[in-house]
Amino acid sequence: QVQLVESGGGLVQAGGSLRLSCAASGRTISNYVMGWFRQTPGKDREFVAGINWRSSTTAYADSVKGRFTISRDNAKNTVYLQMNSLKLEDTAVYYCAADQGLFLSRAGSRYEYWGQGTQVTVSS
């Protein structure tokens, strides 16, 4: 089993930055695909960013491309999401997820393990 714990969320003004962290325990995530998703009330969970185990492949939602950066430190069993130029519409609960599959997927259904989420609120 893999346990994921997100941190780094909070309240930030539009245009500001936040860095989310996802710390894994229970098993090394070095060979897992890792993803970040977000959800707002009344909306479906949406893919934000993903990274393969070697960090050789990343993917981003069009809405965050150029503003968000996903990275991982396998030695620390941790994945990060650097969020810059935040917009009001980035407000959501952000979830970290792990997938044992070989290929990076944008589908939440592919991810076996999920964190509890961290709230990000962007104010005007």
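Here the structure is a predicted model, which means the values were calculated and not measured.
- Identified under the disulfide bond (SG atoms under 2.5 Å apart) test for residues 60-108, with sequence neighbours left out: Cys22-Cys96.
- Annotation: side chain of Val5 is in contact with side chain of Gln116 (closest heavy-atom distance under 4.5 Å).
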| request: Decide yes or no on side-chain contact (heavy atoms from CB on, under 4.5 Å) for Ser123 and Leu11, but give the supporting numbers first. | output: CA-CA 7 Å; Ser123 65; Leu11 175 65; 4.1 Å; yes
| query | Stepwise, does the side-chain contact (heavy atoms from CB on, under 4.5 Å) test hold for Thr91 with Gln119? | reply | CA-CA 8 Å; Thr91 295; Gln119 177 70 48; 4.0 Å; yes
| task | Go through Leu18 and Val120 one step at a time and tell me if the side-chain contact (heavy atoms from CB on, under 4.5 Å) criterion holds. | result | CA-CA 9 Å; Leu18 281 176; Val120 171; 3.9 Å; yes
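- Residues Leu20 and Thr118 are in side-chain contact: their nearest non-hydrogen atoms beyond the backbone lie under 4.5 Å apart.
- With hydrophobic clusters built from ILVMFWY side chains whose heavy atoms lie under 4.5 angstrom apart, Leu88 shares a cluster with Leu86.
- The distance from atom CG of Asp99 to atom OH of Tyr113, rounded to the nearest 0.5 Å, is 10.5 Å.
- Rounded to the nearest 0.5 angstrom, Arg19 CZ and Asn84 CG are separated by 11.0 Å.
- Looking at Asn74 and Lys76, their side chains never come closer than 4.5 Å, going by heavy atoms from C-beta outward.
- Hydrophobic clustering (side-chain heavy atoms under 4.5 Å, transitive across Ile, Leu, Val, Met, Phe, Trp, Tyr) groups Ile70 together with Phe68.
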| query | For Arg110 and Phe103, what are the C-alpha separation, side-chain angles and deciding distance, and is it a side-chain contact (heavy atoms from CB on, under 4.5 Å)? | reply | CA-CA 10 Å; Arg110 288 288 307 274; Phe103 303 106; 5.6 Å; no
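- Residue pairs meeting the side-chain hydrogen bond (donor to acceptor under 3.5 Å, both in side chains) criterion with at least one partner in residues 29-38, sequence neighbours excluded, are Arg27-Tyr32, Thr28-Ser30, Arg38-Glu46, Arg38-Ser63, Arg38-Asp90, Arg38-Tyr94.
- Heavy-atom minimum distance, Ile51 versus Ser71: CD1-CA, 3.9 Å.
- Under the 3.5 Å distance criterion, with hydrogens and angles disregarded, no donor-acceptor pair is assigned to the side chains of Thr78 and Asp73.
- For Ser109, the side-chain hydrogen bond (donor to acceptor under 3.5 Å, both in side chains) criterion is met by no residue, not counting sequence neighbours.
- Applying the disulfide bond (SG atoms under 2.5 Å apart) definition to pairs two or more places apart or across chains, none involves residues 25-93.
- With sequence neighbours left out, the side-chain contact (heavy atoms from CB on, under 4.5 Å) criterion links Ala24 to Val2, Leu4, Ile29, Asn77.
- Between Val48 and Leu81, the closest side-chain pair of non-hydrogen atoms falls below 4.5 Å.
- A donor-acceptor pair under 3.5 Å is formed between the side chain of Glu6 and the backbone N or O of Gly117.
- Val93 and Val64 fall into different hydrophobic clusters, where Ile, Leu, Val, Met, Phe, Trp and Tyr side chains are chained together by heavy-atom contacts under 4.5 Å.
- In this structure, Arg72 fails the cation-pi test against Trp53, since its NZ or CZ atom is not both closer than 6.0 Å to the six-membered ring centre and inside 45 degrees of the ring normal.
- Taking 4.5 Å as the limit, every side-chain heavy atom of Ser17 sits out of range of all side-chain heavy atoms of Met83.
- Between Trp114 and Tyr95, the ring planes are perpendicular. Angles over 60° get that label, and only those under 30° would be called parallel.
- With sequence neighbours left out, Thr58 forms a side-chain hydrogen bond (donor to acceptor under 3.5 Å, both in side chains) with no residue at all.
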| request: Go through the steps to decide whether Phe47 and Tyr60 satisfy the test ring-ring contact (aromatic ring centres under 6.0 Å, His included), and finish with yes or no. | output: CA-CA 8 Å; Phe47 174 82; Tyr60 297 92; 8.2 Å; no
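- Annotation for Gln13: atom CD does not count as buried by contact number, only 12 or fewer foreign heavy atoms lying within 6.0 Å.
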